Structure formats: structure tokens, C-alpha cells
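Atoms within each ligand, like the ligands themselves, are counted from 1 in listed order. Keep in mind that this is a model prediction, so the values were computed, not measured.
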Amino acid sequence: MDYTTLGRTGLKVSVAGLGCGGFSRLGLGAGGSEADAIAIIRQAIDLGVNLFDTAAAYGTESVLGKAVKGVPLDQVVVCTKAPFSWSSGRADPQGIVASLDKSLRELDLDHVDVYQLHGIPPAHYDHALEALAPVLLREKEKGKFRFLGITETAPNDLDHTTLHRAAEDKVWSVVMVGFSMLHQNARDRVFPRTRAHGVGTLLMFAVRQIFSQPGRLAETLRALAEDGRLPADLGDDPLGFLVHPGGASSVIDAAYRYVRHEPGVDVVLFGTGSPEHLRTNIASLLKPPLPEADRRRVGELFGHLVGVGLDAPHLTRAGNVR
Ligand SMILES: NC(=O)c1ccc[n+]([C@@H]2O[C@H](COP(=O)([O-])OP(=O)(O)OC[C@H]3O[C@@H](n4cnc5c(N)ncnc54)[C@H](OP(=O)(O)O)[C@@H]3O)[C@@H](O)[C@H]2O)c1
């Protein structure tokens, strides 16, 4: 495993981070058992992963808590998130503190490393900054978490308005941002600011469904070509040029390597319930950058696209973003 520093938190983190949410939810989303989900986390630890991201909305906090039981706390970086209520459009500060306490009980920990506000839409950023952050910082002083973070709602904030602001607002030490071969605008909108202010970055949406579901990529790119947003002559395998000796071993290998080496990216999160995907994704993230000519072509072909492949988030019954 390679390790890096998570911005000004100073935390030493693995460049590959295991996401315990997304469509997979450690395999629970596809009907996997809790024992298998715990085994995935333990396998990740054995392979050197030390950063794990969960959330109140994912239903995986207790699984993560069980999996890290007995692991010395200075060897894992646990990140979880406060729910943001989409149904009411606003999250109540007292409700968020109660959720933090519940998360600690679920995780069976007395503190977490990073506590994040989950999926804050631009329209509610002022509320997050002025009403929620001060209340949470008081809980931080009590020792319930070490660093405050914020995550964007990528499908509903295509130009990263929330993080564009958050990177400069000092209270957030860590942000979670969507970036992929088909949604590259964090390069201009977010990373220059997070780098300038020492904000740690956790990356999401590198693969999601567009790269992992058979047929989704070709179908989406065909529709974009029909709309005139991509050249008409890209053919049936528009990303096939990335796979060659000396290049990527698969399009998914390319997708993870592309984001991993972007300046400003600290940790690439990936979600999986598959031991094989866990192994190959870590292997991809530890490989060198894609050949420069391939990287350049991805920029030339797809750099203008915005919001492609950002599957809408799940909503829990309570209306929280997952
Ligand atoms: N707003 C937010 O705060 C927010 C939003 C989204 C995500 N996140 C965080 O970011 C994490 C990562 O997001 P993500 O889960 O969407 O990750 P991702 O790595 O972009 O996509 C993972 C999806 O692709 C599949 N997959 C993974 N590796 C594969 C491989 N090698 N070959 C084929 N399929 C593969 C997974 O299913 P399998 O089980 O089949 O591997 C899963 O469905 C989440 O777990 C969560 O912690 C946060």
C-alpha cells in the first residue's frame, strides 16, 4: 500500500480507501451477509487499507465497528457522516448531535477521526456553515471526533458549488468530491482550492455504475454522441484505446488509475462486496499513472463533459442521501 497525508489533518492514510456505502454497501446492497461484509473490511486491512468511510445513512456503521474491533485505533482512520434530511430540506443541529452519538454507539467507538456533513446541496451550504458546523465543533471539543468534513451531493451539484466554497471556509478539514474520466471539472473547481488551503480530499464516483454495469458505458456514450456532445465516430468501444500492453488492463483499471494520480487527490474511495474487486482495485490504485498520451486523450475527448455517470443517490426511507 502507498500512504499519503490527508491535507492539514496530518493523518497518514492509505491512497485506497474502502467506501462502506454506494450501491454495494460492502455487498449488503446485493444481498450479502454481515459476515461477508466484515470479511471484506478485514481483507482490506490485511492489504494495507487504513481509511474506511461509512455514514449513518448506509446501515454499515455497526459492521465497520465489528470489523475493526481489536485493531489498534491508531491503525485505522474511521470516517462517518451526519444525515442531511432531504425531506425537510434542512438538518436540525440537535438532530445531528443525536445522530453523532448514535453513530458512535453503532461503531462502538468513543470517537471517530473524520465526521462529515453528508451530501450538502449548495442551497443549504449557508445553513451547514452557520448553524450546523458551530454545534458540531463543540462536540469535537468534547472529543467525539477529530476533524470536521463535508461531502457534496455530486448529482445535484454538478459544478461543485458546495465544495468550491467549503475549501476556503476553514472549518472543514476534509471534503469528499466526485471526479471521474467522465466528470472532470473538480480539476478546476475544487482541487486548486483544496490544495491551496491544505484541505484533505476523499474521492468518490470513480467507477460507480457507468463503468461497472455491463453496457451502461457504451449506451451512455452513444446517447451523448447522438446529442452532439461527443464526436459521432467514436465507435462501439470509445474507451477501448486505453487498454493495451503498457496501458490499462481494463477500462475499470483505467478509471481508478486516472483519478488516483490527479494532483489534489489524497484518497480514492471505492465500494465493493467482492474480494476479487477489492484485490484488483487496490492493485490498480498502486499502479503508475496511465501513459501520458492516453491521459491526454481522455482529457481531449471527455474533459468538457459534466455530470456523466453520476448515478442519483439512494434515498433512505427517512429521505436521507445515501
Ligand atoms: N455524497 C456522499 O457522501 C457519497 C456519495 C457516493 C459515494 N460516497 C462514498 O464513496 C464510496 C465509493 O463510492 P462508490 O461505492 O460509488 O464507489 P465506486 O468505486 O465508484 O463504484 C463501486 C461500484 O462498482 C462495483 N465495482 C467495484 N470494483 C469493481 C470492479 N473491479 N469491477 C467491476 N465492478 C466493480 C461495485 O460493486 P461490487 O460490489 O460488485 O464490487 C460498486 O457497485 C462509497 O462507498 C461511499 O463511502 C459518498
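The atoms of ligand 1 that sit less than 4.0 Å from any heavy atom of D53 are 9 (C), 46 (C), 47 (O). Close approach to Y58 involves these atoms of ligand 1, each under 4.0 Å from a residue heavy atom: 4 (C), 8 (N), 9 (C), 46 (C), 47 (O), 48 (C). Each of the following atoms of ligand 1 lies closer than 4.0 Å to a heavy atom of G22: 15 (O), 44 (C), 45 (O). Shown in contact with T151 at under 4.0 Å from a heavy atom are these atoms of ligand 1, numbered in order with element: 1 (N), 2 (C), 3 (O).
Classified by interplanar angle (parallel below 30°, tilted 30° to 60°, perpendicular above 60°), the ring pair W172/Y125 is tilted.
Using a 4.0 Å cut-off between heavy atoms, Y256 contacts ligand 1 through its side chain alone, with no backbone atom that close. Of all the heavy atoms of C20, the ones lying under 4.0 Å from any atom of ligand 1 belong exclusively to the backbone. If you look at K81 next to ligand 1, the close heavy atoms, those under 4.0 Å, all belong to the side chain. Contact annotation: for N281 versus ligand 1, heavy atoms closer than 4.0 Å belong to the side chain alone. Contacts between M176 and ligand 1 below 4.0 angstrom, taking non-hydrogen atoms only, involve the side chain exclusively. With a 4.0 Å heavy-atom cut-off, ligand 1 is reached by the side chain of H118 but not by its N, CA, C or O. Heavy atoms of V207 found under 4.0 angstrom from ligand 1 belong to the backbone as well as the side chain.
Of the N and O atoms on the side chains of T54 and T60, at least one donor lies less than 3.5 Å from an acceptor on the other residue. Of the N and O atoms on the side chains of Y256 and K287, not one donor lies less than 3.5 Å from an acceptor on the other residue. A donor-acceptor contact under 3.5 angstrom links the side chains of S103 and E61, judged on distance only.
Under the 6.0 Å cut-off for aromatic ring centres, F191 and F179 qualify, their centroids lying closer than that.
The distance criterion of under 3.5 Å between nitrogen or oxygen atoms is not met by T153 with respect to ligand 1. The shortest N/O to N/O separation between S274 and ligand 1 does not fall below 3.5 Å. The shortest N or O to N or O distance between F270 and ligand 1 is not below 3.5 Å.
Scored by the side chain to side chain donor-acceptor pair (under 3.5 Å) test, N281 finds no partners at all (sequence neighbours excluded). Legend: residues meeting side chain to side chain donor-acceptor pair (under 3.5 Å) with D157, ordered by chain and number and at least two apart, are T162.
Judged by a 6.0 Å distance limit and a 45° cone about the ring axis, R208 is not positioned over the six-membered ring of F23.
Remark: among candidates G271, A57, S180, G21, the nearest residue to atom 45 (O) of ligand 1 is G21, based on non-hydrogen atoms.
Of the possible donor and acceptor atoms, none in the side chain of R146 sits under 3.5 Å from a partner among the backbone N and O of V112.
Checked for salt-bridge contact, R257 and D253 meet the test: a charged N lies under 4.0 Å from a carboxylate O.
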